[in-house]
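My questions will all concern the structure given below.
Since we're looking at a predicted model, the values are computed, not measured. All residue numbers in this chain count up from 1 along the given sequence.
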Amino acid sequence: MPMPESALPVLILAPQGRDAEVAASILDEAGIGTRTCATLPELVEALDGATCAVVTEEALLAANRQVLADWIARQPPWSDFPFILLTMRRGEPDGRLAEALGNVNSLERPFHPATLVMAARFAARARRRQHEARAHLEERERTAERQALLIRELHHRVKNTLATVQGLLGASARAATSVDAFYNAFSARIISLAKTHNLLTEDYWQQASLREMLVNELGPYDDEEGRRIRLDGPAVELIGDLAVPTGMAIHELTTNAAKHGALSLPEGRVAVVWEVRRTQAGRELLLDWRESGGPAVGEPTRKGFGSTLLQRVLKVQCGAEIAFAYEPAGLHFHMAVPLPDQRTVPAYDG
């Protein structure tokens, strides 16, 4: 037997005589799969999984057609299910049936087998195009939803960024001893912020790689052999609300190390080690920043902007737990921050 033309069958409702047997035989020989239904409710129940339906005029006239009318009324805008109505040899078919079915092709019995095959294939092609239209509409809906989501994310990020810039401006101004010092500190912090945003905007899911953020800040201080900077940890992608404050914190730690810590001396080293662990609340990022080989470390007499940012922004905005240890070998900074569930890629990727 030839393979079915479509995975979805043609339904047949012809409870009287041999019409169902004849129609099924004709379509099966043409490679069109069929399913014969004994009653109208059985046919209606199977319509969602069919390509079209062949029904006899007398089968509809003798049944309660309300169940069929209700099914047709519930169809989505893209759907116009095709019916093939087998009529008796007499004038026009009953107008009530054509009106109730909507998308109907009437065949007067007896008919040539090729006529039924042609009608079934035409109906199947029309139904496929309806499903293609549905897929197109769903794609447009997903695109619109994503655009709306990105616009909301953009508004949220712009608001947060402006607040961060305002904080950078105020803190840089308060800590500066001259216009040049203010300019240099403020410019460096804005450049760091821009680097993090570049990582976010280059990624489809608006995420930034923790390793890339560390490389952007610490890479310029490494030597040719790669001995001054050690980065050790798995691939971790941070969403915007976590990436921006983390990126600023990395910048502040790097700046402090370059001015006062390990990176201020040629033999100084910085090691950043991180891991992701599972907790009862979900995933958690653990990060350790250790400096060595730099000048002697002492407890600071006052809080600068960097420590203020780490204390306030990471704790308040990210829910992080942070700790500083001013060890003889160098600064040790530890951060534990909750991570949101990993995003999953939707089935549609167009």
Side-chain angles (χ1 to χ4, degrees), residues 138-139 141-168 189-190 192-218 231-254 271-290 306-324 333-350:
E138 291 175 349
E139 175 185 339
E141 183 177 354
R142 284 192 295 268
T143 301
E145 290 175 353
R146 172 155 177 79
Q147 287 176 341
L149 177 64
L150 290 177
I151 290 173
R152 291 196 298 270
E153 172 69 14
L154 177 62
H155 288 167
H156 178 71
R157 185 166 302 161
V158 168
K159 182 179 178 180
N160 284 350
T161 301
L162 291 176
T164 301
V165 171
Q166 185 178 18
L168 293 173
R189 286 163 177 159
I190 292 298
S192 174
L193 184 64
K195 287 179 179 179
T196 300
H197 277 282
N198 282 340
L199 292 176
L200 290 171
T201 54
E202 288 172 0
D203 184 77
Y204 181 81
W205 293 112
Q206 304 294 291
Q207 297 176 328
S209 165
L210 174 60
R211 181 179 293 274
E212 287 188 46
M213 293 165 62
L214 289 163
V215 169
N216 282 343
E217 292 294 338
L218 292 170
L231 305 179
D232 186 9
V236 176
E237 301 292 329
L238 303 178
I239 63 172
D241 286 347
L242 183 55
V244 171
T246 301
M248 294 304 301
I250 293 171
H251 171 74
E252 295 303 325
L253 288 168
T254 303
V272 185
V273 179
W274 67 94
E275 64 174 321
V276 176
R277 70 177 183 183
R278 284 283 178 183
T279 66
Q280 291 183 346
R283 296 191 306 148
E284 184 178 48
L285 170 65
L286 303 178
L287 182 143
D288 278 282
W289 172 292
R290 290 183 180 272
S307 60
T308 300
L309 182 141
L310 269 64
Q311 290 283 353
R312 294 182 179 178
V313 178
L314 287 176
K315 281 190 172 183
V316 175
Q317 185 169 333
C318 306
E321 293 294 331
I322 64 175
F324 290 91
F333 168 76
H334 175 78
M335 177 178 72
V337 59
L339 294 176
D341 290 336
Q342 291 175 311
R343 298 184 182 189
T344 56
V345 181
Y348 166 72
D349 61 356

Looking only at heavy atoms, which two atoms of E284 and A336 are closest? And how far apart?
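Closest approach of E284 to A336, heavy atoms only: OE2-CB, 3.7 Å.
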
Interatomic distance, T254 atom OG1 to L218 atom CG [nearest 0.5 angstrom]
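Interatomic distance, T254 OG1 to L218 CG, rounded to 0.5 Å: 4.0 Å.
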
Step by step, would you call L231 with V215 a side-chain contact (heavy atoms from CB on, under 4.5 Å)?
CA-CA 8 Å; L231 305 179; V215 169; 3.7 Å; yes

Kindly compute the distance separating CD1 (I322) from CE (M335), expressed to the nearest 0.5 Å.
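Atom-to-atom, I322:CD1 and M335:CE are 9.0 Å apart.
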
Between atom CD1 of I239 and atom OG1 of T246, what is the distance when rounded to the nearest 0.5 Å?
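OG1 of T246 is found 10.0 Å from CD1 of I239.
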
What is the distance from atom CD of E275 to atom CG of D232, rounded to the nearest 0.5 Å?
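That separation rounds to 10.0 Å.
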
Hey, are the side chains of I250 and N216 touching, using non-hydrogen atoms and a 4.5 Å cut-off?
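No, side chains not in contact.
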
After noting the C-alpha distance and the side-chain angles of L210 and L285, does the key distance pass the side-chain contact (heavy atoms from CB on, under 4.5 Å) rule?
CA-CA 11 Å; L210 174 60; L285 170 65; 4.1 Å; yes

Roughly how far apart are L339 CG and R278 CZ, rounded to 0.5 Å?
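Output value for this atom pair is 9.5 Å.
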
Indicate yes or no for a side-chain donor-acceptor contact from R277 to the backbone of R283 under 3.5 Å, with no hydrogens or angles considered.
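No; judged by distance alone, with no hydrogens or angles, the pair does not exist.
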
Atom of C318, atom of P245 and distance for their closest heavy-atom approach:
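For C318 and P245, the tightest heavy-atom pair comes out as SG-CG, 3.3 Å.
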
Atom CE in M213, atom NE2 in H251: separation rounded to 0.5 Å?
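Taking CE in M213 and NE2 in H251, the distance rounds to 12.0 Å.
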
